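Working notes for the structure below.
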Amino acid sequence: MSNEKLTTRSENYSEWYNQVIQRAELADYAPVRGCMVIRPHGWALWENIQQSLDRRFKATGHVNAAFPLLIPKSFLEKEKEHVEGFAPELAVVTIGGGEVLEEPLIVRPTSETIIGYMYAKWIKSYRDLPLLINQWGNVVRWEMRTRLFLRTLEFYWQEGHTAHATEKEAKEETLRMLETYTRFAIDDAAVPVIPGRKSATEKFAGAVHSYSIEAMMGDTKALQSGTSHLLGQNFAKAFEIQYLDENNTQQFCWTTSWGLSTRFIGAIIMTHGDDQGLILPPKLAPIQVVIVPIYKNDEEKSKVMPVVERLRLELSDFRIKVDDRSEVTPGFKFNDWEMRGVPLRLEVGPKDVEKESVMAARRDIPGREGKSILPQEQLRGKIADLLTDIHTSLYERARAFRDAHIFDPKNYDELKQIVQEGWAFSWWCGDPACEAKVKEDTKATTRCIPLDQPARNGKCIVCGKDAHEKVYFSKAY
RNA sequence: CGGGGCGUGGCUCAGUCCGGCUAGAGCACUCGGUUCGGGACCGAGAGGUCGAAGGUUCAAAUCCUUUCGCCCCGACCA
């Protein structure tokens, strides 16, 4: 831990981001370029994300399995668009056990191909469908430029892969999982997201349609925080995933895939963090409540600690920690836990022992404003309420920030201005040429075409032709 | 791959231009004491093949050559 002040977000946003990660001990740089070590505090956060999502996956009928890390190179080549999309960023194993391999192996960048191969083996009949499998794992993509959590050579994620008898079912699944991600982001991470469809140029290599949830970071750039793909029959045809229907006719399956990665940790950092450091949403925070005991001498300590211990037991429903370090002062601990993003801090000192109270400090409201004195009686319920409040206020604050930075440009010149400091929500004719022009002029790309659309039609912000959908343009991570 | 920056105790850096005593500082760490309701203080201590290799020189952190790595900014992407 450094004692120096954190770089502020307005001074240098990306420097702020890097410092928060290191000082909150979420992650550290590994010896290999572009790789990171996820440290215990970061991993604990990821575990909570996993639990939250996994519960939702199970509730919608999915089961977990594990597929191998290494994939025959030829598998990738079976789906044309897929291989073209991923070829530049593949890590390839050419030697094993000291021998040059007959066929090089790919370190999976995603698992559609090997899962497709297995599904072809497993699926025979319409009775085998739908097949709903998820896996938690890691993948490797050889990226040019990397950032902690947002883009690393190796990252952890979950990838769901499903096979269905009909296009309708596959499409329902794709949207169901998009909705699952949306609920997770809003209800558990307090991250406001916009679910929508990706443009053809932004979609997953090999998908018919890609959908994403898009979040606005504290610097107004967009972050794709989860994706769900309708793969149509592309992979089914490439891998011959077929079933016999009720009429004894061979049919190709309709497949989907969907993923959410450790990148989401970046979304949490950049959605909620402030100039004091990390702010974690209560439902996902590895430590929800920290108790800092306060005393001047052994006599005070002997009075304070039994109360602290009693409160710790009483609050054992929460993820709670008592900071009993004797080598640092309470003031240091306050800053330390604020840096680490703990949503709620309780201070217990001699005055509290006397008055049977505790001092509570909310992480989302800095300084004196966020402090309140609570009676020790019925503390558990009060803490639960406070954590709920913190969740709500984090969400509302992030949503207000986002909405204040979304604009509807009146013309193309305005759009060019807007995407420098926010998102533009505009009519778009759907022509990739218009999208490309915006990108060339401004570096902003289409983020998503939201599922919720106005009832009327409009004119494309770029070319002026008829448009029936509105899209978000913005710079993105 | 292009542009920029940087490699010196765990961290942040000074020293490099202009070679020369035993390579420094702050923070962190260890021990002792005083402190403790918003980043405490005093004293003592431990810790470094100066990214690596080669060269020039009586002498290299410093000059030359080569090389490796990392970070930041651009083109590709969750």
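A note on names: the letters A, B, ... follow the listed sequences, proteins ahead of strands, and every chain is numbered from 1. Not measured: the values here are computed from a predicted model.
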Interatomic distance where CG belongs to A:Asn12 and P belongs to B:C73 [whole Å]
8 Å
Rounding to an integer number of Å, can you tell me how far A:Glu143 CD sits from B:C1 P?
16 Å
C1' spacing across the pair B:U56 / B:U62, given as an integer number of angstrom
13 Å
Check every atom of B:G37, B:G74, B:C72 against the side chain of A:Lys443 and return the nucleotide holding the closest atom.
B:G74
By the Watson-Crick or G-U definition, both distances under 3.5 Å, B:C36 is matched with none
Between A:His161 and A:Ser257, is there a side-chain donor-acceptor contact under 3.5 Å, judged purely by atom types and distance?
no
Report yes if at least one side-chain N or O of A:Thr329 is closer than 4.0 Å to OP1 or OP2 of B:A40; otherwise report no.
yes
Please give the distance between the P atoms of B:G69 and B:C31 as a whole number of Å.
40 Å
With rounding to the closest Å, how many angstrom separate the P atoms on B:A61 and B:G3?
31 Å
Counting side-chain heavy atoms from C-beta on, which of B:C76, B:G38, B:G37 comes nearest to A:Met144?
B:C76
Given B:G37, B:C73, B:C76, identify the nucleotide with an atom nearest to the side chain of A:Arg145.
B:C73
Interatomic distance where CD belongs to A:Gln22 and P belongs to B:G10 [whole Å]:
16 Å
Partner of A:Ile49 under side-chain contact (heavy atoms from CB on, under 4.5 Å), chosen from A:Ile268, A:Asp54, A:Thr262:
A:Ile268
How is A:Arg345 classified with respect to the nucleic acid when contacts are heavy atoms under 4.0 Å: base, sugar-phosphate, or nothing?
base
Quick one: label A:Phe155 by what it contacts on the DNA or RNA (base, sugar-phosphate, nothing), any heavy atom closer than 4.0 Å.
base
A:Asn12-A:Thr7 side chain donor-acceptor pair, cut-off 3.5 Å:
no
Whether A:Phe401 and A:His405 hold their rings parallel, tilted or perpendicular, with breakpoints at 30° and 60°:
tilted
Please state the C1' separation for the pair B:C27 and B:G39 - nearest whole angstrom.
12 Å
Looking for any heavy atom pair under 4.0 Å, which part of the strands does A:Ser210 touch: base, sugar-phosphate only, or nothing?
nothing
Given the structure, check if the side chain of A:Asp352 and the base of B:G37 hold any donor-acceptor pair shorter than 3.5 Å.
yes
For nucleotides B:G74 and B:C29, find the distance between their P atoms and express it as a whole number of Å.
37 Å
Please measure how far the P atom in B:C64 lies from the corresponding atom in B:G19, and state the result in whole Å.
11 Å
What does B:U22 pair with, Watson-Crick or G-U, if both distances are under 3.5 Å?
none
Complement of B:U56, any strand, by Watson-Crick or G-U distances under 3.5 angstrom:
none
Of all the choices, B:G38, B:C36, B:C72, which nucleotide is nearest to the side chain of A:Glu338 once you look at every atom?
B:G38
Nucleotide opposite B:G43 in a Watson-Crick or G-U pair, distances under 3.5 Å
B:C31
With both distances under 3.5 angstrom, what nucleotide forms a Watson-Crick or G-U wobble pair with B:U16?
none
Same-atom distance (C1') from B:G26 to B:U67, integer angstrom:
33 Å
Roughly how many Å is it from CZ in A:Phe332 to P in B:A40, rounded to a whole number?
8 Å
At under 4.0 Å between heavy atoms, what does A:Lys198 touch on the DNA or RNA strands: base, sugar-phosphate, or nothing?
nothing
Taking CD from A:Gln19 and C1' from B:U12, how many angstroms apart are they, rounded to a whole number?
11 Å
Looking only at side chains, do A:Tyr412 and A:Asp441 share a donor and an acceptor under 3.5 Å apart?
yes
What is the separation between atom OH on A:Tyr477 and atom P on B:C76, rounded to the nearest whole Å?
18 Å
Can a side chain N or O of A:Asn18 be found less than 4.0 Å away from OP1 or OP2 on B:C72?
yes
Which part of the nucleic acid does A:Ser14 contact within heavy-atom distance under 4.0 Å: base, sugar-phosphate only, or nothing?
sugar-phosphate
Which is more 5' along RNA chain B, the nucleotide nearest A:Glu15 or the one nearest A:Leu150? Just name the residue.
A:Glu15
Looking at side-chain heavy atoms only, is the closest gap between A:Asn134 and A:Met177 below 4.5 Å?
no
A:Gly259 near the nucleic acid: base, sugar-phosphate alone, or nothing, with a heavy-atom cut-off under 4.0 Å?
nothing
A:Tyr29 side chain, from C-beta outward: closest of B:C72, B:A75, B:G38
B:C72
Answer yes if the side chains of A:Gln288 and A:Lys283 hold a donor-acceptor pair under 3.5 Å, and no otherwise.
no
The Watson-Crick or G-U wobble partner of B:G2, with both key distances under 3.5 Å, is B:C73
Tell me yes or no: between the side chains of A:Thr256 and A:Glu173, is some donor less than 3.5 Å from an acceptor?
no
Assign each of A:Ser326 and A:Phe334 the nucleotide of RNA chain B bearing its closest heavy atom; nearer the 5' end lies the nucleotide of A:Ser326
Separation between the C1' atoms of B:U30 and B:C13, rounded to whole Å:
23 Å
Side chains of A:Ser210 and A:Thr227: does their closest heavy-atom pair fall under 4.5 Å?
no
Considering only heavy side-chain atoms of A:Glu347, the closest of B:G38, B:C76, B:G37 is B:G37
For A:Arg368 and B:G37, what is the distance between atoms CZ and P respectively, to the nearest whole Å?
13 Å
Ignoring hydrogens and angles, answer whether the base of B:G37 and the side-chain atoms of A:Lys333 contain a donor-acceptor pair closer than 3.5 Å.
no
Starting at atom CE of A:Met339, determine the distance to atom C1' of B:G38, rounded to an integer number of angstrom.
14 Å
Which part of the nucleic acid, if any, lies within contact of A:Leu223, taking any heavy atom under 4.0 Å across all strands shown: a base, the sugar-phosphate backbone alone, or nothing?
nothing
